[in-house]
Amino acid sequence: MTYKVLDSSAAPLYPIREVSRLTGVNSVTLRAWERRYGLIRPQRTPKGHRLYARDDIERVERILQWLNRGVPVSQVRELLDQPQAAETSPPQVGDWDSQRQHLVHAVDSLDMGRLEALFNQSLALYPVSLCIAELWQPAIEQLEERWSDQFGATLQRRLLETFLRTRIGTRIYHANQSSNARELVVARLPEDSSGFWALLMGLAASAAGYRVQLIDGELPLGEFPMAIDCLGAKALLLASGQAERGEVVRRQLPRLAEQAEVPVCLAGPIARIRAGDFENTSVVLLGEDLGQAVGRLRSIVDGG
Amino acid sequence: MTYKVLDSSAAPLYPIREVSRLTGVNSVTLRAWERRYGLIRPQRTPKGHRLYARDDIERVERILQWLNRGVPVSQVRELLDQPQAAETSPPQVGDWDSQRQHLVHAVDSLDMGRLEALFNQSLALYPVSLCIAELWQPAIEQLEERWSDQFGATLQRRLLETFLRTRIGTRIYHANQSSNARELVVARLPEDSSGFWALLMGLAASAAGYRVQLIDGELPLGEFPMAIDCLGAKALLLASGQAERGEVVRRQLPRLAEQAEVPVCLAGPIARIRAGDFENTSVVLLGEDLGQAVGRLRSIVDGG
Amino acid sequence: MTYKVLDSSAAPLYPIREVSRLTGVNSVTLRAWERRYGLIRPQRTPKGHRLYARDDIERVERILQWLNRGVPVSQVRELLDQPQAAETSPPQVGDWDSQRQHLVHAVDSLDMGRLEALFNQSLALYPVSLCIAELWQPAIEQLEERWSDQFGATLQRRLLETFLRTRIGTRIYHANQSSNARELVVARLPEDSSGFWALLMGLAASAAGYRVQLIDGELPLGEFPMAIDCLGAKALLLASGQAERGEVVRRQLPRLAEQAEVPVCLAGPIARIRAGDFENTSVVLLGEDLGQAVGRLRSIVDGG
DNA sequence: ATAGGTTTTGTCAAGCTTTTGTACAT
DNA sequence: ATGTACAAAAGCTTGACAAAACCTAT
């Protein structure tokens, strides 16, 4: 067992309690990680006390990123030991965080070319559900939050909308061509100003094999029964982000759900925010995560 | 009795329930046809469950065609075993009037399949400018007029919008890839509730060789200068149908036109209706006809 | 029972709960699929815990697609093991390769309905120049090559010719109606047995805005001067694929080029093959790629 | 069309092991 | 600080079950 050489240079070193505070990882856990998996190997004082360098703390943060993605602790070490392949090439495999940052920045600066490259690249490399869960959903949440502050960001919103509409629309179109599966109507809640969630929901459902009829403009709730009927849909899937003045929806949606002859489902952030409003109604809550939502949909549509 | 050879190739096989769902023939009936007349002979699993290939499903559909013509089930088999003559009705050429009627009817009855066929067929046979001038522009005018009466037609509106967005968006996207021409920003006037005119305008401009950045959502007029700037556009093209309360636009648009460093143009029905409002301002009126509008644009953009 | 080789590269591995979350498939079900049908075989830790790679997750998604199309679980495995089959990879967005394969196959099997669908769909979604460059030109090259071997393929040839003549002819006709641009005569070389290249060339030129007069039957070179003259053409555009015994052309074409009062241009594969033959003559070689050919044409016709 | 028996397939349960964060004694 | 211990959560396997879907024959 070799300890790092104590470097007398002016690099700051932190004791374990500080690292714990900075990263949010219990110090006991930090020690366990070191002992069990050799994940981090800080310097030691002559008495044996741990002294963490900046690099070590960054390493802990990278560990946390992997954990957040669902990778088991026991598997993280190998991932960290191959940093050059992973970290050096910017459009790298699996680095969703940096991809998301790039994405957000591309939208912010109206760099449509970059946006396009990121879209193509992500969807070419990973399964749709992963792209949505790891990249697009978080990125849009981040953007929405940022936009809620500033006023003048309508342009970014609109351009991203236009962009996603075309791309996702084309994908859905082609998928529909070769699918005989149950038809879904995917739409946004009337109060949702941006159609992002409906678009992503449509993409997710289409990738899962459903035939999707997307309605990406505002449509009064009252017209949905006709839509379901005319289009022969097996379920109605409504998606939305925030809902500011949800009164109308709260009252009308349960009624729609009873009236309709097919399941009426709700997904996206609103399904979390307004969860309480729809208890004991026929409205099916599919949760915030769009990937999971599609999963749950399966048992509802195909089961019923 | 010979069953088909089990083919190890990757042809999907469907159980009887799926065949029943796809063809509308009760599964009991399907079995009866097989037992009594040997009409279809699907593969079987080792345990005896039927597995239908695509060919089998098509066969069922042909059976239904004969039945619809009044042929008794017992006679169908002989008919199927004969090579069938191709029966294709070639699309009529140049009959724009009837095409438009079909189009309007397809939208009215939410027959998305028909809508798609008409779109594909028209654009495959005729130049874009002709399709717009003879088919899409008149059809949308007709629809808009009809919709202005009824209230509940939002669904039709939205579905047509969604449809056109995807198709036109894709076309513009690909045209942009292979074009180095002047960039245009095409958008709708803030007051235009439907984006049809902006979409058609974008299609026309793109087909004429321009790089088009489409903004198909509502954007406050105040944000356009930034849009033009960031996107490096050579002109701003606003399109719109009717505009009821045009006060805001009437006042703001001229100001925008003076402020902007590139020509600000107006096209679509509004350019006729509000023609008087913009005399003696910097706003360039391109007229109602979108094809002509693009023509005039050339002298403005490429000339300047 | 063989486990996958543990790969030391930095690929993230996910435990079953994460896969379940991402795909929406209950983890119990995932295990059942593995046990019963061997559908997915993830790596294992030394203690037997499953570790799914990204590939595995994609595999689960593909499974779900088949399930949604109604294929029974027990049948899915075979489908997954044959990924090259046409059914498995539905025509993706911009996936020209697969579109071309479909096209070639449709022609081969005389499936005119499919041929028409592909024609319509490609031209409806993408700009003409792109369709030619990415789909039609390569497809025809592929077909020509295939046909050069077999003898009995004349039927395919003729049917494709008839098909393209009608479609492209209609398009050119209508484009001419609304164009005031320079007139071109597009024809095939007398020795070219099939008119494909002339047809595509005509389509490309027409889409680029020229008025095109198409001559799609064989015409002796000697008659072209009169044709040019009578039709008031600004250039003569000859297109051809292979040319076996090019003697006649080699001698006559330069003479024609000198004689004629307008540029005489050559495009298509022959422009590459016989490039050497026309050095130091007045014949303008536009190259094999028809899209580029039109581009070069512009400087020649509009410049001269 | 119904009846009666079989197959398919998602889910549950029991019993045991592994993983992993935290607590406690040294 | 270290190492052991512990407990909750998550996994694994085998076996079984039940609803839905199928089959044949009447």
Side-chain angles (χ1 to χ4, degrees), chain A residues 1 3 15-17 19-20 23-39 41-52 60 63-64 66-67 70-77 295-296 298-300 302-304, chain B residues 13-21 26-36 42-52, chain C residues 1 3 13-21 23-39 41-52 63-64 66-67 70-77:
Chain A
M1 182 111 138
Y3 291 135
I16 196 168
R17 68 172 175 285
V19 179
S20 172
T23 62
V25 181
N26 193 317
S27 45
V28 186
T29 308
L30 280 173
R31 281 193 283 263
W33 283 354
E34 181 179 348
R35 173 169 28 98
R36 293 210 265 244
Y37 318 105
L39 272 182
R41 302 255 187 111
Q43 293 180 31
R44 303 292 192 125
T45 67
K47 296 261 180 86
H49 285 205
R50 272 163 256 254
L51 287 178
Y52 293 81
V60 173
I63 294 171
L64 286 175
W66 284 118
L67 293 187
V71 176
V73 203
S74 51
Q75 298 299 314
V76 171
R77 198 183 160 183
R296 285 176 195 146
R298 227 177 99 67
S299 64
I300 293 161
D302 298 349
Chain B
L13 296 173
Y14 302 88
I16 199 169
R17 64 168 178 284
E18 192 65 13
V19 181
S20 172
R21 196 183 67 78
N26 193 317
S27 44
V28 182
T29 313
L30 279 173
R31 281 193 285 261
W33 285 354
E34 180 179 347
R35 176 164 34 94
R36 294 207 270 254
Q43 291 180 31
R44 302 286 191 128
T45 68
K47 296 288 174 63
H49 283 203
R50 274 162 258 253
L51 289 176
Y52 294 79
Chain C
M1 179 106 143
Y3 292 136
L13 297 173
Y14 302 88
I16 198 169
R17 66 167 177 283
E18 191 65 12
V19 181
S20 173
R21 191 182 70 80
T23 62
V25 180
N26 193 320
S27 46
V28 183
T29 309
L30 279 173
R31 281 192 285 260
W33 284 354
E34 181 179 346
R35 172 166 34 112
R36 296 210 260 244
Y37 317 105
L39 271 183
R41 300 257 188 114
Q43 290 182 31
R44 303 285 194 129
T45 69
K47 296 291 173 61
H49 283 204
R50 273 161 256 254
L51 289 176
Y52 294 79
I63 294 171
L64 285 176
W66 284 119
L67 292 187
V71 176
V73 201
S74 50
Q75 298 298 314
V76 171
R77 198 183 163 187

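All values derive from a computational prediction rather than experimental measurement. Proteins get letters first, then strands, A, B, ... in listed order; numbering begins at 1 in each.
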**Report entry** Rounded distance in Å - OH (B/Tyr52) to C1' (E/dC23)
**Finding:** 11 Å
Query raised in the report: Want to settle it: does A/Gly48 or C/Gly48 sit nearer the 5' end of DNA chain E, counting the closest nucleotide to each?
Result: A/Gly48
Report summary line: Nucleotide by nucleotide, nucleotides 14-20 of chain E touches protein heavy atoms under 4.0 Å in the pattern (B base, S sugar-phosphate only, - none) B------
Query raised in the report: Looking at side-chain heavy atoms only, is the closest gap between A/Leu67 and A/Val73 below 4.5 Å?
Result: yes
Query raised in the report: By side chain to side chain contact (heavy atoms under 4.5 Å, CB included), which residues pair with C/Thr45, not counting sequence neighbours?
Result: A/Gln75, C/Lys47, C/His49, C/Leu51
Requested in this report: Report which part of the nucleic acid C/Ser74 touches: base, sugar-phosphate, or nothing (heavy-atom distance under 4.0 Å, all strands).
Outcome: sugar-phosphate
**Report entry** Validation row: C/Trp33, C/Val25 side chains within 4.5 angstrom (heavy atoms)
**Finding:** yes
Requested in this report: Kindly compute the distance separating CG (A/Leu39) from OG1 (A/Thr29), expressed to the nearest 0.5 Å.
Outcome: 12.0 Å
Query raised in the report: Looking across every strand, which nucleic acid part, if any, lies under 4.0 Å from B/Arg50 by heavy atom: base, sugar-phosphate, or nothing?
Result: sugar-phosphate
Query raised in the report: Hey, which of these two, B/Thr45 or B/Thr29, hits DNA chain D nearer its 5' end, going by closest nucleotide?
Result: B/Thr29
Query - Side chain of C/Pro15 - closest among E/dG11, E/dC12, E/dA1 - result: E/dG11
Query raised in the report: For A/Glu34 and A/Arg41, which heavy atoms make the closest approach, and how far apart are they?
Result: OE2-CA, 4.5 Å
Query raised in the report: Between atom CZ of C/Arg44 and atom OH of C/Tyr52, what is the distance when rounded to the nearest 0.5 Å?
Result: 7.5 Å
Requested in this report: Give A/Val73 one of three labels, base, sugar-phosphate or nothing, depending on what nucleic acid heavy atoms sit under 4.0 Å from its own.
Outcome: sugar-phosphate
Query raised in the report: Expressed in angstrom and rounded to an integer, what is the separation of C/Lys47 atom NZ from E/dC12 atom C1'?
Result: 13 Å
Requested in this report: Grab the CZ-P distance between C/Arg21 and E/dG11 for me, whole Å please.
Outcome: 13 Å
Requested in this report: Figure out the CD/P separation between A/Glu34 and E/dA1, and round it to whole Å.
Outcome: 10 Å
Report summary line: Rounded to whole Å, the CG-C1' distance (A/Leu30 to E/dA1) equals 14 Å
Query raised in the report: Looking at residues at least two apart in the chain, or sitting in another chain, which of them share a side chain to side chain contact (heavy atoms under 4.5 Å, CB included) with A/Arg31?
Result: A/Ile16, A/Ser27, A/Val28, A/Arg50
Requested in this report: Check every atom of E/dT24, E/dC22, E/dG11 against the side chain of B/His49 and return the nucleotide holding the closest atom.
Outcome: E/dC22
Report summary line: For C/Ser20 and C/Leu30 the tightest heavy-atom approach is N-CD1, 4.1 Å
Query raised in the report: Roughly how many Å is it from CG in C/Asn26 to C1' in E/dA10, rounded to a whole number?
Result: 13 Å
Query raised in the report: Is the distance from OP1 or OP2 of E/dC22 to the nearest side-chain N or O of B/Arg17 less than 4.0 Å?
Result: yes
Query raised in the report: Is the phosphate of E/dC23, meaning OP1 or OP2, less than 4.0 Å from a side-chain N or O of B/Arg31?
Result: yes
Query raised in the report: Between which nucleotides of DNA chain D, 5' to 3', does chain B make heavy-atom contacts below 4.0 Å?
Result: D/dT7 to D/dT8
Requested in this report: Starting at OG1 of C/Thr23, measure out to CD of C/Glu18 and round the result to the nearest 0.5 Å.
Outcome: 10.0 Å
Report task. Can you sort out the partners of A/Ser74 under side chain to side chain contact (heavy atoms under 4.5 Å, CB included), two or more places apart, ordered by chain and number? Result -> A/Tyr37, A/Pro72
